[in-house]
Amino acid sequence: MRRLRKENLRALFRESRLRTEELVVPIFINETAKEKKEISSMPGYYRIPIHEVAKEISECMDLGLKAFIFFGIPKKKDEIGSEAFNDDGVVQKAVRLAKKEFPDAVIITDVCLCEYTTHGHCGVVKNGRILNDETLPILGKIAVSHAKAGADIVAPSGMMDGMVKAIRVALDGEGFSDVAIMSYAAKFASNFYSPFREAAESGYKFGDRKTYQMDFHNSNEALREIELDINEGADIVMVKPALAYLDVIQRAREKFLVPLAAYNVSGEYAMVKSAIERGWLSKDAIYEILVAIKRAGADLIITYHAKEVAEHL
Ligand code: PBG
């Protein structure tokens, strides 16, 4: 076996490759901030004000990164997250700005309530319960409002049953049949999201997300989630998190032919970055992790490491 591992031959037999074009850069946009601010649990990652979005995209485009997913931190929150579908809300403003300056960039928007509700849950709450069907029309309104602003792809992340269909119907009804849906189809109730909740101010005030996000003991169920979302009209399906869920990515890849995204989440980023900062890991570990996600079968990877890896590539 060592014959083909010689230094000059190795690259010829490489089975998986990571390409800059298949990375998606998450961008946290803070409506009230005047300047960018580092997220303490995500060393080297920032929340940026709206007026710095263009600069950020331009830096990424120079590195060959063309796809972005926007998360908004709104100026105000309420019970039903109405800022999320405000046509002049933080994400809508940022999308308009980004599309005007960079029409070739791919702008994906996270469609969820948690950053916009006072209770921090991804659905409408009544008597301490997170309601499913009452949430769906709101998700439709958010998606339409993002589409109006110019989003190419909307990405519902709240794990409400029927969310993909509700959004598809809402988009088509408003003339946005060409806007694609990337569904967070198999999103697990994971311990790896904590830094994101600091970044997006989306922590919940009571309970947990286990009645809507998946139980991490299960993978058959993940395939059922994905199948349902494909049948409801998802153009791209996602597994999230990525690293502790490579088996799920692999099973999804084997079973389905739709484009498959993997979300290398905030906690995965924080673990590796803090070890690298201490000198306990080489920064090449980042590349190895992303290649592993590709090797498992993902087509796209959403990752906070996008810029550093693009530089490396
Ligand atoms: C919102 C959302 C979350 C993430 C993406 N969209 C957080 C959550 O479900 O609490 C997590 C991303 C990350 O940890 O990097 N529903």
Side-chain angles (χ1 to χ4, degrees), residues 23-60 63 65 67-77 81 83-84 89-91 93-95 98 107-118 120-122 155 157 184 187 189-205 209 213 240-244 262-281 283 285-286 289-290 301-311:
L23 302 177
V24 180
V25 189
I27 302 190
F28 296 109
I29 307 147
N30 186 350
E31 189 166 21
T32 52
K34 296 268 181 308
E35 53 198 49
K36 72 173 190 177
K37 190 163 181 284
E38 192 169 17
I39 301 153
S40 64
S41 51
M42 298 179 73
Y45 222 79
Y46 295 82
R47 309 197 321 182
I48 63 173
I50 298 178
H51 65 86
E52 283 196 29
V53 170
K55 181 167 155 257
E56 184 59 36
I57 292 182
S58 148
E59 278 176 32
C60 291
L63 292 166
L65 296 159
F68 304 87
I69 182 162
F70 285 8
F71 296 94
I73 300 118
K75 61 175 181 294
K76 60 174 199 283
K77 305 186 188 228
E83 264 306 292
V90 52
V91 166
K93 279 189 280 202
V95 171
I107 306 296
I108 306 169
T109 54
D110 187 77
V111 173
C112 199
L113 291 187
C114 57
E115 295 110 297
Y116 299 88
T117 49
T118 38
H121 278 290
C122 307
S157 64
Y184 288 64
K187 175 174 177 180
S190 170
N191 294 296
F192 289 96
Y193 304 149
S194 337
F196 176 94
R197 290 173 190 165
E198 182 205 333
E201 282 177 17
S202 63
Y204 37 82
K205 297 284 179 324
R209 300 210 203 282
Q213 298 181 349
K240 175 184 172 188
L243 196 48
Y263 201 137
N264 176 222
V265 300
S266 58
E268 302 173 44
Y269 172 88
M271 277 196 304
V272 183
K273 286 295 272 196
S274 52
I276 293 170
E277 273 187 351
R278 285 168 174 74
W280 294 346
L281 278 182
K283 71 176 185 346
I286 295 169
I289 287 169
L290 297 182
I301 306 174
I302 302 173
T303 178
Y304 305 99
H305 297 297
K307 276 166 103 176
E308 49 196 341
V309 171
E311 269 163 30

Please round to the nearest 0.5 Å and tell me the distance separating atom [atom1] of [X] and atom [atom2] of [Y].
X    : Y    : atom1 : atom2 : answer
L63  : K307 : CG    : NZ    : 7.0 Å
C60  : I27  : SG    : CD1   : 5.5 Å
I289 : L281 : CD1   : CG    : 7.5 Å
Y263 : T303 : OH    : OG1   : 9.0 Å

Consider only side-chain N and O atoms of Q213 and S190, and report whether a donor and an acceptor are under 3.5 Å apart. no

Just so I know, are the side chains of [X] and [Y] near enough to count as touching, which here means a heavy-atom distance under 4.5 Å?
X    : Y    : result
E115 : D110 : yes
E31  : K93  : yes
V53  : I48  : yes
Y116 : V90  : yes
Y45  : P26  : yes
K205 : T118 : no
Y204 : C122 : no
I286 : I276 : yes

Shortest non-hydrogen contact between [X] and [Y], atoms and distance:
X    : Y    : result
P43  : S40  : CD-O, 4.2 Å
I57  : A98  : CD1-CB, 3.5 Å
P49  : I29  : C-CG2, 4.3 Å
P195 : S266 : CD-OG, 3.5 Å

By ring-ring contact (aromatic ring centres under 6.0 Å, His included), which residues pair with [X], not counting sequence neighbours?
X    : result
F192 : none
F68  : none
Y46  : none
F196 : F28, F71

Taking salt bridge (charged side-chain N to carboxylate O under 4.0 Å, His left out) as the test, write out the residues that go with [X], two or more places apart.
X    : value
R209 : none
K76  : E83
K187 : none
K77  : none

Mutual orientation of the aromatic rings belonging to Y269 and H305 [parallel < 30°, tilted 30-60°, perpendicular > 60°]: tilted

Sequence-distant partners of A67, side chain to side chain contact (heavy atoms under 4.5 Å, CB included), two or more places apart: V24, V106

Does A155 have any side chain to side chain contact (heavy atoms under 4.5 Å, CB included) partners at least two apart in sequence or in another chain, and if so, which? I69, I108, M182, Y184

Restricting to side-chain hydrogen bond (donor to acceptor under 3.5 Å, both in side chains), what partner residues turn up for N30, sequence neighbours left out? T32

Any carboxylate oxygen within less than 4.0 angstrom of a Lys/Arg side-chain nitrogen, looking at K283 and E308? no

Sequence neighbours excluded - salt bridge (Lys or Arg N to Asp or Glu O under 4.0 Å) pairs with any residue from residues 35-53: R47-E201

Does E268 use its side chain to pair, donor to acceptor, with the backbone of V265 at less than 3.5 Å? yes

